[in-house]
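Working notes, structure below.
Heads up: numbering here begins at 1 and tracks the sequence. Everything numeric here is computed off the predicted structure, so don't read it as measured data.
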Amino acid sequence: MSLGGSVRPVHVGVFAAVSALLGGLLFGLPGSAGAAADPVISKGKAATASSVEGSSYVAGKAFDGSTSSRWASEEGKDPQWLRVDLGASSNVSRVKLSWEAAYAKAYRLEVSADGSTWTTVATETAGNGGTDDWTGLSGKGRYVRMYGTARGTSYGYSLYEMEVYGTPDGGTTPTPTPTPSPSPSTSQPAGAFTVVAAGDIAAQCTASDSSCAHPKTAKLAQQINPKFYLTMGDNQYDDARLQDFKNYYDKTWGAFKAKTRPVPGNHETYDPAGSLSGYKSYFGAIAYPQGKSYYSFDEGNWHFLALDSNAFDQSAQIDWLKADLAANSKKCIAAYWHHPLYSSGGHGNDPVSKPVWKILYAAKADLVLNGHDHHYERFAPQDPDGKAVADGIVEIVGGMGGAEPYPIEQIQPNSQKRISGDYGVLKLDFTDSGYGWSYVGTDGQVKDSSPKYSCH
């Protein structure tokens with residue numbers, strides 16, 4: 001349902017001036033002292049909504065503190081509302097709305113003591129999405145809701161987060177009891193984090209088709225709840241136009257777009273509007289954080305390289321890669337792109353990646369993730385020439401995100417495991433000194449587990 005919105009400038013709302021006690025609610029004038037310091041009192045609280053687009057977009061997603069999940073109403077209908085129960089009568093000083101691209105053009109913010117009698121504290125009549133930050137509110141009630149009266153798009157209403165600030169009636173928010181630190185026997189390894197990855201994802205089908213796979217891989221990916229998501233290209237089929245992204249990818253994997261670190265595949269180049277046009281329009285700065293279709297980022301002791309294998313023959317990317325690796329200070333290196341150097345699937349080996357492998361091998365890179373062939377395959381550590389070596393790069397082909405599977409055709413040297421016909425995702429577990437992974441199918445079963453590798 002995402003349309004790829006932009007962040008709206010913060011503004012101060014229009015207030016309903018009410019000076020008397022009405023329906024158990026008391027309001028003062030805007031601009032209450034100390035409001036800026038009031039804490040969020042809505043996170044994790046019970047929430048309800050007039051409707052939901054699907055099970056992945058329930059009301060509570062807008063109050064979970066995560067900008068990678070969201071509430072979304074059913075499409076094409078006004079009015080719609082989203083409500084949170086603060087658990088007790090509270091003084092409300094601020095409400096911040098972080099809209100997904102399906103925003104409200106007109107809405108009201110309302111509070112209530114009993115969930116049935118509502119009083120308006122702010123009104124928007126010309127919304128344009130992004131972030132609406134209503135400060136200086138002075139309402140009292142147990143319930144707060146956004147009541148949308150006019151959609152800004154042809155879709156529905158969708159909020160990444162609705163944050164209510166204030167204090168419970170009678171005092172400041174109690175300090176939470178600290179969570180005990182785990183004992184050494186149960187502590188996770190230093191710098192541990194999880195990543196979900198897949199390539200070749202959104203065929204032109206929806207959840208209404210029982211054979212459509214990308215809604216199932218998206219549900220699995222969301223259940224794993226990783227630190228972030230990697231996609232290895234061909235995110236959208238067939239020509240990866242912007243409208244295709246909106247109609248298919250966005251309704252499944254788009255639920256966690258904000259936490260996704262994508263790269264393009266060959267299908268992203270087929271767009272009639274221009275190579276990568278729909279891809280760039282849909283993902284925006286998420287896919288171009290450094291102004292190019294390739295980029296890098298760090299997490300823990302790991303350096304990640306997101307590369308565009310459609311342009312491996314262009315010196316600009318190769319020069320950038322060399323400079324980026326020369327500046328890297330992390331111990332462990334992972335890279336991902338679409339076309340695999342080695343594959344036992346229908347496309348087979350693709351020599352376009354060999355110069356990049358040579359650069360990565362010289363930099364002592366550890367892991368490479370690819371798509372393109374629609375199957376799962378893992379290789380033993382090897383050098384760019386395909387020789388098994390202890391300090392080699394581990395390659396995984398992970399093109400089982402939702403597109404029609406390809407058969408295994410010619411088994412390559414050093415291929416350790418191959419699975420074709422199943423859909424699923426890679427669950428990668430990283431630490432400060434190593435990594436391992438599982439291939440998890442959409443039935444929830446682990447199809448394959450890797451050895452544990454140490455970083456070079």
- Message: Pairing donors with acceptors under 3.5 angstrom, does anything connect the side chains of Glu268 and Asn235?
- Response: yes
- Task: Indicate yes or no: at least one non-hydrogen side-chain atom of Glu74 is less than 4.5 angstrom from one of Gln80.
- Result: yes
- Report yes or no: do His338 and Asn310 form a side-chain donor-acceptor pair below 3.5 Å? no
- Does the side chain of Arg151 come under 3.5 Å of the side chain of Ser154 through a donor N or O and an acceptor N or O? no
- NZ of Lys447: more than 12 outside heavy atoms within 6.0 angstrom? yes
- Item | Other residues, nucleotides, ligands: >12 heavy atoms within 6.0 Å of Gln416 CD | yes
- Relative to the ring of Trp253, is the ring of Tyr229 parallel (under 30°), tilted (30 to 60°) or perpendicular (over 60°)? perpendicular
- For Pro351, what residues pass the side chain to side chain contact (heavy atoms under 4.5 Å, CB included) criterion, not counting sequence neighbours? none
- Lys/Arg cation over aromatic Tyr282: Lys257, 6.0 Å, 45° cone: yes
- Main-chain N/O of Ser343 paired with Asn349 side-chain donor or acceptor, under 3.5 Å: yes
- Query: Are the side chain of Asn414 and the backbone of Gly386 linked by a donor-acceptor contact shorter than 3.5 Å?
  - Reply: yes
- Are the side chain of Gln204 and the backbone of Tyr237 linked by a donor-acceptor contact shorter than 3.5 Å? yes
- Short question: side chain of Asp271, backbone of Ser275 - any donor-acceptor pair under 3.5 Å? no
- Query: How long is the gap from OG1 on Thr48 to CH2 on Trp81, to the nearest 0.5 Å?
  - Reply: 4.0 Å
- Message: For the residue pair Asp448 / Tyr376, report whether a side-chain donor-acceptor contact shorter than 3.5 Å exists.
- Response: yes
- Item | Asp422 versus Tyr439, closest heavy-atom pair with distance | O-OH, 3.2 Å
- Do Asn328 and Ile333 pass the side-chain contact (heavy atoms from CB on, under 4.5 Å) test, and can you show the C-alpha distance, the side-chain angles, and the key distance before you say yes or no? CA-CA 9 Å; Asn328 171 54; Ile333 300 172; 3.8 Å; yes
- Task: Run the numbers on Leu341 and Val356 for side-chain contact (heavy atoms from CB on, under 4.5 Å), then give the verdict.
- Result: CA-CA 9 Å; Leu341 177 57; Val356 172; over 6 Å; no
- Query: Do Tyr107 and Trp99 make the cut of ring centroids closer than 6.0 angstrom?
  - Reply: yes
- Query: Is there a side-chain contact between Asn370 and Glu395 (heavy atoms, below 4.5 Å)?
  - Reply: yes
- Message: Under 3.5 Å, is there a donor on one side chain and an acceptor on the other for His372 and Asp234?
- Response: no
- Query: Does the pair Arg261/Glu299 count as a salt bridge with the N-to-O cut at 4.0 Å?
  - Reply: no
- Under the 6.0 Å and 45° cation-pi test, does Lys452 pair with Tyr435? no
- Query: So, for Ile408 and Ser420, which heavy atoms are closest and what is the spacing to 0.1 Å?
  - Reply: CG1-CB, 4.1 Å
- Query: Just by modelled atom types, is the Ala316 backbone N or O under 3.5 Å from a matching donor or acceptor in the Gln314 side chain?
  - Reply: no
- Do Asp366 and Trp302 have side-chain heavy atoms sitting under 4.5 Å apart? yes
- Could you tell me whether a side-chain N or O of Glu161 sits under 3.5 Å from a main-chain N or O of Gly65, the two making a donor and an acceptor? yes
- Determine whether the side chains of His339 and Ser309 contain a donor N or O and an acceptor N or O closer than 3.5 Å. yes
- Task: Report yes or no: does Ser415 contribute a side-chain atom to a donor-acceptor pair with the main-chain N or O of Ile411 at less than 3.5 Å?
- Result: no
- Message: Is the ring pair Tyr249/Phe283 parallel, tilted or perpendicular, if the boundaries are 30 and 60 degrees?
- Response: perpendicular
- Test item: Asp85 and Phe63 side chains (from C-beta on) under 4.5 Å apart, heavy atoms: no
- Mark yes or no for whether Ser42, through its side chain, and Val164, through its backbone, hold a donor-acceptor pair below 3.5 Å. yes
- Message: Show, in sequence, the C-alpha distance, side-chain angles and deciding distance for Leu276 and Tyr288, and conclude whether the side-chain contact (heavy atoms from CB on, under 4.5 Å) test is met.
- Response: CA-CA 11 Å; Leu276 307 188; Tyr288 286 74; 3.6 Å; yes
- Message: Test side-chain contact (heavy atoms from CB on, under 4.5 Å) on Ile396 and Leu367; report intermediate values, then the result.
- Response: CA-CA 8 Å; Ile396 310 172; Leu367 176 66; 3.9 Å; yes
- Describe, in one word, how the ring planes of Phe430 and Phe193 are oriented to each other, choosing from parallel (under 30°), tilted (30 to 60°) and perpendicular (over 60°). parallel
- Task: Indicate, with yes or no, if the rings of Tyr342 and Trp357 have centres closer together than 6.0 Å.
- Result: yes
- Query: Ala62 and Leu159: which non-hydrogen atoms are nearest, and at how many Å?
  - Reply: CB-O, 3.9 Å
- Note on the structure: Closest non-hydrogen atoms of Thr194 and Pro226, given as atom of the first, atom of the second and distance, are O-CB, 3.3 Å
- Task: Over all heavy atoms of both residues, which pair between Val52 and Val58 is shortest? Give the atoms and the distance, please.
- Result: CG1-CA, 3.8 Å
- Note on the structure: Rounded to the nearest 0.5 Å, the CG atom of Leu369 sits from the CG atom of Leu428 at a distance of 6.0 Å
- So does Gln410 have more than 12 non-hydrogen atoms from other groups sitting under 6.0 Å from CD? no
- For the pair Asp244 and Arg241, find out whether any cationic side-chain nitrogen is under 4.0 Å from an anionic carboxylate oxygen. yes
- Message: So that I can tick it off, tell me whether Lys96 and Asp132 are bridged by a salt bridge, with the cut-off set at under 4.0 angstrom between side-chain N and carboxylate O.
- Response: no
- Looking at the rings of Phe304 and Phe228, which for Trp means the six-membered one, are their centres under 6.0 Å apart? yes
- Message: Between Lys364 and Asp391, does any NZ, NE, NH1 or NH2 come within less than 4.0 Å of an OD or OE carboxylate oxygen?
- Response: no
- Item | Phe297 and His303 aromatic centres sub-6.0 Å | no
- Evaluate whether atom NZ of Lys292 has more than 12 neighbouring non-hydrogen atoms of other residues, nucleotides or ligands under 6.0 angstrom away. yes
- Can you tell me how far CG of Asp133 sits from OH of Tyr165, rounded to the nearest 0.5 angstrom? 7.0 Å
- Message: Less than 3.5 Å apart, any donor N or O on the side chain of Asp209 or Ser211 sitting next to an acceptor on the other?
- Response: yes
- Item | Rounded distance (nearest 0.5 Å) linking atom NZ of Lys45 with atom CG of Asp64 | 14.5 Å
- Look up atom OH in Tyr160 and atom OG in Ser66, then write down how far apart they are to the nearest 0.5 Å. 10.5 Å
- With sequence neighbours excluded, what pairs up with Asn301 under the side chain to side chain contact (heavy atoms under 4.5 Å, CB included) test? Lys330, Lys331, Cys332, Asp432
- Task: Using only heavy-atom distances, determine whether the side chains of Trp337 and Ser353 contain a donor-acceptor pair under 3.5 Å.
- Result: yes
- Does the pair Lys427/Asp429 count as a salt bridge with the N-to-O cut at 4.0 Å? yes
- Message: Quick test of your reading of the model: are Asp385 and Lys354 salt-bridged, counting only N-O distances below 4.0 Å?
- Response: yes
- Message: Any side-chain to backbone donor/acceptor pair from Ser73 onto Tyr157? Under 3.5 Å, distance only.
- Response: yes
- Task: Considering non-hydrogen atoms only, spot the tightest contact between Ala306 and Val263 and give its length.
- Result: CB-CG1, 3.5 Å
- Query: Judged by atom type as modelled, is there a donor-acceptor pair below 3.5 Å linking the side chain of Glu377 to the main-chain atoms of Ser344?
  - Reply: yes
- Note on the structure: Interatomic distance, OH@Tyr406 vs NE2@His375, rounded to 0.5 Å, equals 11.5 Å
